[in-house]
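Each chain gets a letter, A, B and so on, in the order its sequence line appears, and its residues count up from 1.
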Protein chains: 2
Amino acid sequence: MQETVVEFQTLQRSGAVANQALEIIKQMIVRGELTAGQRLPAQRDLAARLGVSRPSLREAIRALIALNILESRHGEGTFVSSLEPELLAEPIDFLLQVNSTALVALFEARRALEAAVASLAAERATDLELAQLEDFVKLGRSKLDDLDAFIEHDVEFHGRLRAAARSPILSSLLASVNTLSNASRRQTARSAATRARALADHEAMVRVLKARNPQAAHQAMVEHLQHVLEGLTDVAPA
Amino acid sequence: MQETVVEFQTLQRSGAVANQALEIIKQMIVRGELTAGQRLPAQRDLAARLGVSRPSLREAIRALIALNILESRHGEGTFVSSLEPELLAEPIDFLLQVNSTALVALFEARRALEAAVASLAAERATDLELAQLEDFVKLGRSKLDDLDAFIEHDVEFHGRLRAAARSPILSSLLASVNTLSNASRRQTARSAATRARALADHEAMVRVLKARNPQAAHQAMVEHLQHVLEGLTDVAPA
DNA sequence: CCGGCAGATTGGTCAAGCCACCTGGCCTCG
DNA sequence: CGAGGCCAGGTGGCTTGACCAATCTGCCGG
């Protein structure tokens with residue numbers, strides 16, 4: 001370990017050693033040197049390789065576990081998690097519990113992305129997709145009374161829109177934002193009136209999509225999510 | 001602290017002790033026993049109070065730091081963070097770093113996000129911000145001949161818009177998208193004509209912002225990025 | 001061939017100590 | 001008397017070394 005010391009002129013803030021180890025591991029994952037499910041070297045070996053003590057390495061590992069990036073199994077080893085977006089987004093739940101204004105911020109992001117998706121879907125969806133979407137939306141009528149079923153219906157509606165938009169980046173961003181706000185979705189759909197309005201919005205959306213009108217689709221989605229947001233603030237004010 | 005031991009029948013998975021300390025601290029924050037900015041007891045004391053060793057407690061603290069729930073300052077103490085929404089950003093960033101594969105459709109995402117930012121900025125920017133932005137854009141004229149200076153100018157223009165939009169989540173998403181597309185920015189601004197058109201777009205943007213017209217701002221941004229995209233494809237076709 | 005036992009491997013925890021940093025009070029000097 | 005510097009105490013950061021507990025592996029005996 002003669003040359004383990006790397007750019008040390010970086011800010012020497014708190015937790016220099018442990019954070020350094022943390023960043024190195026993170027980068028190894030980002031760069032693909034470590035892939036999902038892969039096993040890390042034993043803590044004793046890895047600590048030696050990184051030039052830090054085992055407790056410090058353990059702090060770094062524990063931090064990455066908290067972020068659902070790593071997981072460790074006693075007696076087996078430490079592994080890279082599946083890195084599923086859902087897992088990686090989970091830690092945010094805590095902040096949403098504590099700070100409800102964060103929820104509103106999330107909604108802004110979702111609105112922007114969903115609107116873009118709707119707009120693209122109006123241009124790129126196949127006729128078959130639109131026909132199937134129309135049929136699917138009709139099924140929603142029978143689910144108005146079942147909260148769980150309707151939530152599932154709503155999720156799939158937006159999922160189909162994403163697929164039709166053919167924009168993997170937008171889909172990926174939206175997936176991130178959505179997994180964050182999934183917890184709140186249950187609240188938003190609580191009242192029957194809210195659900196009925198959502199269904200009506202979905203039907204309106206299908207109409208403008210079939211008319212191949214991107215701008216109208218954009219606008220329709222903004223309004224739809226505005227309704228949802230109102231339903232949310234009704235339930236949980238301030 | 002005779003009764004520190006709490007529900008131990010919970011799954012005894014890996015990291016039982018450290019995780020227990022972690023959960024206890026988390027719950028104290030959720031319940032409001034610890035509020036934003038408050039100082040925690042010294043690690044040595046807290047470890048004793050929770051009935052764990054200091055290294056284990058440190059693992060728990062490090063995990064909470066990774067989640068942006070705590071922060072520690074050397075020589076001062078460990079504190080509850082501000083718990084503000086922008087702290088959501090960091091975990092999302094990693095998610096995007098890992099997930100991002102397709103660089104192709106990136107521009108769509110940027111367009112959607114920038115447009116949303118412009119729209120929000122039209123509503124939320126202070127008069128002072130807009131006045132300063134106007135002055136700043138004027139400075140752009142003198143930079144038209146210097147490629148590097150103009151790129152820097154362009155980056156700051158969009159940065160100021162983000163700041164004025166007051167939407168940490170959108171900013172964070174956009175930051176991720178931008179780091180991915182930074183490589184191409186240099187190409188887009190290569191021709192003098194492209195730069196002149198970009199500057200004109202910026203000036204137009206300032207006008208609609210001062211008019212407090214969100215929809216026009218949205219539209220102006222879409223058109224602006226459309227121009228940039230055209231400049232890009234001119235230079236580097238498919 | 002198979003089952004089980006024993007050692008090696010690995011993560012989990014702890015104890016004790018040193019260092020680096022910040023703060024605040026004391027003391028000295030002007 | 002005030003201002004500046006010095007120093008001690010408290011705090012987080014890090015290391016060493018050791019032991020415990022869960023798991024895996026392979027050998028050995030039935």
Distance check needed: [N] [atom2] versus [X] [atom1], whole Å only.
X: B:L70; N: D:dT11; atom1: CG; atom2: C1'; result: 16 Å
X: A:L57; N: C:dT10; atom1: CG; atom2: C1'; result: 13 Å
X: A:E59; N: D:dG12; atom1: CD; atom2: P; result: 12 Å
X: B:I61; N: C:dT13; atom1: CD1; atom2: C1'; result: 16 Å
X: B:L50; N: C:dC14; atom1: CG; atom2: C1'; result: 15 Å
X: B:I65; N: D:dG12; atom1: CD1; atom2: P; result: 10 Å

Does the side chain of [X] get closer than 4.0 angstrom to OP1 or OP2 of [N] through an N or O atom?
X: B:S72; N: D:dT11; value: no
X: B:S56; N: C:dG12; value: no
X: A:T78; N: C:dG11; value: yes
X: B:R58; N: D:dG13; value: yes

Across all chains, not counting sequence neighbours, the side chain to side chain donor-acceptor pair (under 3.5 Å) partners of A:E152 are none
Side chain to side chain donor-acceptor pair (under 3.5 Å) involving B:E123 - partner list, sequence neighbours excluded
none
Report the residues that fulfil ring-ring contact (aromatic ring centres under 6.0 Å, His included) with A:F136, sequence neighbours left out, ordered by chain and then residue number.
A:H153
With sequence neighbours excluded, give me every salt bridge (Lys or Arg N to Asp or Glu O under 4.0 Å) pair touching residues 129-139 of chain B.
B:E129-B:R166, B:E134-B:K210
Taking donor-acceptor contacts at under 3.5 Å, does the side chain of A:R73 reach the base of C:dG12?
no
What about B:R54, does its side chain sit under 3.5 Å from the base of D:dG13 through a donor-acceptor pair?
yes
Between [options], which nucleotide has the shortest distance from any of its atoms to the side chain of [X]?
X: A:H74; options: D:dT15, C:dT10, C:dT13; answer: C:dT10
X: A:R62; options: C:dG12, D:dG12, D:dT15; answer: C:dG12
X: B:E76; options: C:dG11, C:dT23, D:dT15; answer: C:dT23

Under 4.0 Å, heavy atom to any atom of DNA chain D: which of residues 35-45 of chain B qualify?
B:R39, B:P41, B:A42, B:Q43, B:R44
With ring pair (Phe, Tyr, Trp, His ring centres under 6.0 Å) as the rule and sequence neighbours excluded, what pairs involving residues 43-69 of chain A come up?
none
When you check the side-chain N and O atoms of A:R111 and A:Q226, is any donor under 3.5 Å from an acceptor?
yes
Regarding A:E108 and B:S167, do their side chains bring together a donor and an acceptor under 3.5 Å, going by distance alone?
yes
